[in-house]
Each structure stands twice: as C-alpha cells, then as structure tokens.
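Below is one structure, written out as structure tokens; comments come after it.
Note that the structure is predicted; figures quoted are calculated from it, not measured.
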Amino acid sequence: MTIEKRLEILESELAASKRSTRRLKYGTGIFMVTLLAFVVLFACEQKNEMTIIRADEIRAHRFIVEDTHAGAEGKQKGIFGMIQDAPGLRLGDDGAPQISLSTHSGTYFYMADETGNPRISMNIVGDRSSLTMFNKNRMDLLDIALTWDQPNLTLTDDKGNIIWQAQ
C-alpha cells in the first residue's frame, strides 16, 4: 500500500470521525435540553402542589418564629402556643421591644422594653381589670384599676411613693 493510499484512508476515517463526533454533540445537546425541559416542568408541577396545604386541624404545642439573618440564625423572634402552661402570643426577643398576650391565671397584655421589663400592662384577673404603666425599674407610675365594687387611680413617683390617689 502506498503512502498516498494510506493518507486517503486516514483522511476519510478522520472525516467520518468528525461527522460522528458532530452528530454525538448534537444528540447530547438535544438530549440535555429535553431533560432540562422535563425537570423544569416537573419542578413547576411539584411546586404548585406543595404550595397548597389544606388541613382541617393542626395540633401543636407551640409555633416558634426564628431569625434567618446571618449571625442571628435560630434566634427566637416570636412564639405562639403554650407559654407558662397557658396559651399565649409573644413577639420580640431579648434586646428588642416585646409584646405579649397571655391567659396565665387571668388575661394579660403587656408591652416590654428591650430589656424585657414590662412598661405597659393591661390585666384582667378575677373581678379586677387594670392598666398599669411602669418605669424602667418595674415600679408602677400609673395604675388604673376597676373592681366589682371600687375603681382606683394611683399615681406614684420613681421610688414608689403615692403622689395622688382616687378611690
């Protein structure tokens, strides 16, 4: 076999190999696009199914809202559920103002400062309803109370001394 004949055979095999490679690339591309289309369609169908959740009843001890920001991940920001053996709702955390609604041995609504100390409290316990405002040391500054037989209004100073009172 001559060199020219060998060269001719090599060139034809090279051309055939190039055609085969090109077809393989096109086939792989078409297969990948088709696979991607199926994955996207399947994911869209699954997403639509997952966003619709219906339940006649959900039972839980509590629901906790946690922070997801970097550095504060897992930090509790709110809770709805059993708090001190009674149903309640508390929004906020240590180092931030808080709002709380509870039914522990009465009905309570209070707003606290960033240290967790209550600043305003509304309570209903037994036949007594009250609105109380506190200073930063948890001392009563203003107390408006209503009971079955006697209303009461008390103003105090920062040391707890009564400034004015009406009954």
Side-chain angles (χ1 to χ4, degrees), residues 28-167:
T28 303
I30 291 170
F31 175 75
M32 294 302 283
V33 167
T34 306
L35 181 64
L36 181 64
F38 279 119
V39 167
V40 168
L41 288 173
F42 182 74
C44 288
E45 285 181 22
Q46 290 297 319
K47 184 178 179 185
N48 289 339
E49 289 176 13
M50 286 189 284
T51 57
I52 299 172
I53 299 173
R54 288 184 167 71
D56 292 334
E57 185 173 306
I58 297 174
R59 293 178 181 258
H61 184 69
R62 63 176 59 179
F63 296 92
I64 297 174
V65 178
E66 293 182 345
D67 197 346
T68 59
H69 293 96
E73 292 175 353
K75 189 172 185 183
Q76 184 175 306
K77 293 291 190 172
I79 183 170
F80 173 66
M82 299 301 288
I83 304 170
Q84 297 178 353
D85 299 326
L89 169 68
R90 184 176 61 225
L91 302 173
D93 64 349
D94 295 336
Q98 301 174 13
I99 296 175
S100 182
L101 177 64
S102 176
T103 57
H104 183 68
S105 69
T107 304
Y108 300 92
F109 174 75
Y110 78 86
M111 291 183 271
D113 61 14
E114 60 276 349
T115 61
N117 292 329
R119 299 305 293 263
I120 298 174
S121 175
M122 294 190 307
N123 307 317
I124 301 172
V125 179
D127 69 339
R128 183 178 195 272
S129 302
S130 66
L131 169 67
T132 308
M133 294 184 188
F134 305 93
N135 67 6
K136 63 183 175 182
N137 299 321
R138 297 180 115 176
M139 299 288 292
D140 293 7
L141 294 178
L142 170 69
D143 186 43
I144 302 170
L146 301 171
T147 60
W148 167 245
D149 58 345
Q150 181 177 352
N152 184 25
L153 172 64
T154 306
L155 296 172
T156 57
D157 62 12
D158 283 338
K159 297 176 184 170
N161 299 322
I162 296 174
I163 298 171
W164 186 79
Q165 185 173 24
Q167 291 184 338

- Heavy-atom pair of closest approach, residues D93 and Q98: O-NE2, 3.4 Å
- Message: Nearest 0.5 Å, please: how far is CG in N152 from CD in Q165?
- Response: 5.0 Å
- Item | Over all atoms of both residues, closest heavy-atom pair of G106 and V125 | CA-CG2, 4.4 Å
- Task: Would you give the length of the straight line joining atom CZ of R119 to atom CG of D113, rounded to the nearest 0.5 angstrom?
- Result: 5.0 Å
- Query: Going by heavy atoms in the side chains, are D67 and K77 under 4.5 Å from each other?
  - Reply: yes
- Task: Report yes or no: do D127 and T147 form a side-chain donor-acceptor pair below 3.5 Å?
- Result: no
- For residues A145 and R128, report the shortest heavy-atom separation together with the two atoms involved. CB-NH2, 3.3 Å
- Message: Donor-acceptor pair, distance only, cut-off 3.5 Å: does the side chain of R62 make one with the backbone of M82?
- Response: yes
- Message: A side-chain contact here means heavy atoms from C-beta on lying under 4.5 Å apart; do T132 and Y110 qualify?
- Response: no
- In this structure, CZ of F134 is separated from CG of D143 (nearest 0.5 Å) by 8.0 Å
- Might you point out which heavy atoms bring I124 and S129 nearest each other, and give the distance in Å? CG1-OG, 3.9 Å
- Query: Under 6.0 Å from the CZ atom of F80, do we count more than 12 heavy atoms belonging to anything else shown?
  - Reply: no
- dist R90:CZ -> I64:CD1 (nearest 0.5 Å) comes out at 9.0 Å
- Message: Working to the nearest 0.5 angstrom, can you tell me the gap between S121 OG and M133 CE?
- Response: 11.0 Å
- Message: Would the distance check show the side chain of T103 and the main-chain N or O of P87 forming a donor-acceptor pair, the cut-off being under 3.5 Å?
- Response: yes
- Residue pair F109, I99: steps toward the side chain to side chain contact (heavy atoms under 4.5 Å, CB included) verdict: CA-CA 8 Å; F109 174 75; I99 296 175; 3.6 Å; yes
- With sequence neighbours left out, what residues match N135 under side chain to side chain contact (heavy atoms under 4.5 Å, CB included)? N137, M139, L141, D158
- Gap separating the OG1 atom of T28 from the CG atom of L35, nearest 0.5 angstrom: 12.0 Å
